[in-house]
Amino acid sequence: MKRLICLSLIVSLSCTVLKAVVYDALVIGGGPAGLVAAMEIARAKYHVAVVAPDSGQLVGSHDVENIPGIPAKPGAEIMDDLQKQVASFGAEFINDRVTAVDFDKAPYRLVTQENGILEAKTIIIATGSSAKKLGIPGEQEFWGRGVSSCAVCDCFLYTNKKVVIIGGGNSAIDEALQLAEYAREVTILVRGNEMRADAWGQDKVREKKNISIRYTIDVLEVLGDEEHGVTAIQIRDTATGLTQKMVIDGVFLAIGHKPNSDLFKKWIATDAQGYIILNGRSQATAVPGVFVAGDVADPVYKKAYIAMGAGGQAGLEAVHYVRFHG
Ligand code: NDP
């Protein structure tokens, strides 16, 4: 039976339909951590749903070669297979975005954009992290018109064009390999003397004739106009002090990520960068029955297989919690 409920804490959603079902567990986030958590909960025969608008960052990875037992393949394929595997155990998928949470008392509540309020005895936070921006002039003005942080989404727009990628990590490698399939010239701009990306990725990039790397480069400004969008960037070589205009068609940012923890800060402690703080080796938080897994709580490793392991651990802890406290 459905009933109407009014929630004073959500100003924009004063009255909504509350679904009668109280899930054993709701997983917020559809990346590797969230899916593996859901898989363990579903395998234990508990009622679990993954609430997420997308499948996380791994779908943007051109090639993932370090998931044990899975030969190198695109992140999108890995996530597709994982979704099917998780669904095969009975986990549900709710394609929606969580806009607020209420962890005051169980059952805990998630406010969603499309599905009203969802309730569960236990929650897994697996919201991952989002791409950072530089904060330089022109970046916001030309966002979506030549500035992007998703090569896999926008690469086809740059067929036979010149693009730069800013950053020296594994994301920069991924973006470069993806864009090199389309663009005429891809230049990776690294602010320091070396890339921090894994050696195998750097080797792959060096094999590509249309990818080059420039070191000690700061990007100062994105330039463009109404008609063409981005047309150039202003850069400075910090080794020589020389400033130069570089004519290009697109700028891809790959300068790291910010944990998506803002929704939970009223209830759950984060560090100075916003990463959720875990209770020792457990995936538990200070709120009983609320667990966390993946990049939102990982300031160090940030690998998909590590997120998967943490997701499995969070899922098992949630199962234990529901069994004995739910
Ligand atoms: P990282 O934090 O690893 O790298 C960020 C890069 O951006 C660094 O080179 C950093 O430079 C540079 N940077 C940061 N701020 C600025 C700035 N203001 N201006 C210019 N450059 C800047 O982030 P990634 O997104 O690359 O990776 C995040 C995590 O995800 C990593 O752990 C990575 O291994 C993982 N990952 C794994 C993949 C895979 O296994 N296939 C694919 C993609 C990501 P500096 O080094 O000087 O600090």
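Atoms within each ligand, like the ligands themselves, are counted from 1 in listed order. Just so it is clear, the values below take in all heavy atoms, side chains as well, and ignore hydrogens, waters and symmetry mates. This one's a predicted model, so the numbers in the text were calculated from it and none came from an experiment.
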Under-4.0 Å heavy-atom contact with ligand 1, by part of [X] that carries it:
X      : value
Glu65  : neither
Leu134 : side chain
Gln57  : neither
Ala254 : backbone

- Item | Ligand-residue contact atoms, ligand 1 with Gly168, heavy atoms, under 4.0 Å | 6 (C), 7 (O), 8 (C), 9 (O)
- Enumerated ligand 1 atoms positioned under 4.0 Å from heavy atoms of Tyr301: 32 (O)
Which residue and atom name correspond to the protein heavy atom nearest [atom], and how close is it?
atom                    : answer
atom 28 (C) of ligand 1 : His257 ND1, 4.0 Å
atom 23 (O) of ligand 1 : Gly256 CA, 3.5 Å
atom 34 (O) of ligand 1 : Asn170 ND2, 2.7 Å
atom 42 (C) of ligand 1 : Asp174 OD2, 3.1 Å
atom 11 (O) of ligand 1 : Arg191 NE, 3.3 Å
atom 22 (C) of ligand 1 : Ile255 CG2, 3.5 Å
atom 46 (O) of ligand 1 : Arg196 NE, 3.0 Å
atom 29 (C) of ligand 1 : Lys302 CB, 3.6 Å

- Query: Does atom NZ of Lys45 have more than 12 heavy-atom neighbours from other groups under 6.0 Å away?
  - Reply: no
- Query: Parallel, tilted or perpendicular: which fits the ring planes of His47 and Tyr23, with parallel below 30° and perpendicular above 60°?
  - Reply: tilted
Can you find an N or O of [X] that's nearer than 3.5 Å to an N or O of ligand 1?
X      : value
Asp198 : no
Gly192 : no
Ser171 : yes

- With Ser129 as reference, evaluate His257, Lys302, Gln57 under the side chain to side chain donor-acceptor pair (under 3.5 Å) test and give the passing residue. Gln57
- Is the centre of the Phe103 ring less than 6.0 Å from the centre of the Tyr108 ring? yes
Can you tell me if [X] uses its side chain to pair, donor with acceptor, with the backbone of [Y] under 3.5 Å?
X      : Y      : answer
Glu139 : Leu134 : yes
Asn210 : Ala183 : yes
Asp298 : Tyr301 : yes

So how far is it from [X] [atom1] to [Y] [atom2], rounded to the nearest 0.5 Å?
X      : Y      : atom1 : atom2 : value
Thr216 : Arg191 : OG1   : CZ    : 12.5 Å
Arg323 : His320 : CZ    : NE2   : 8.0 Å
Ile117 : Asn115 : CD1   : CG    : 11.5 Å

- Report yes or no: do Trp267 and Asp102 form a side-chain donor-acceptor pair below 3.5 Å? no
- Give a yes or no on whether atom 39 (C) of ligand 1 lies under 4.0 Å from any heavy atom of the protein. no
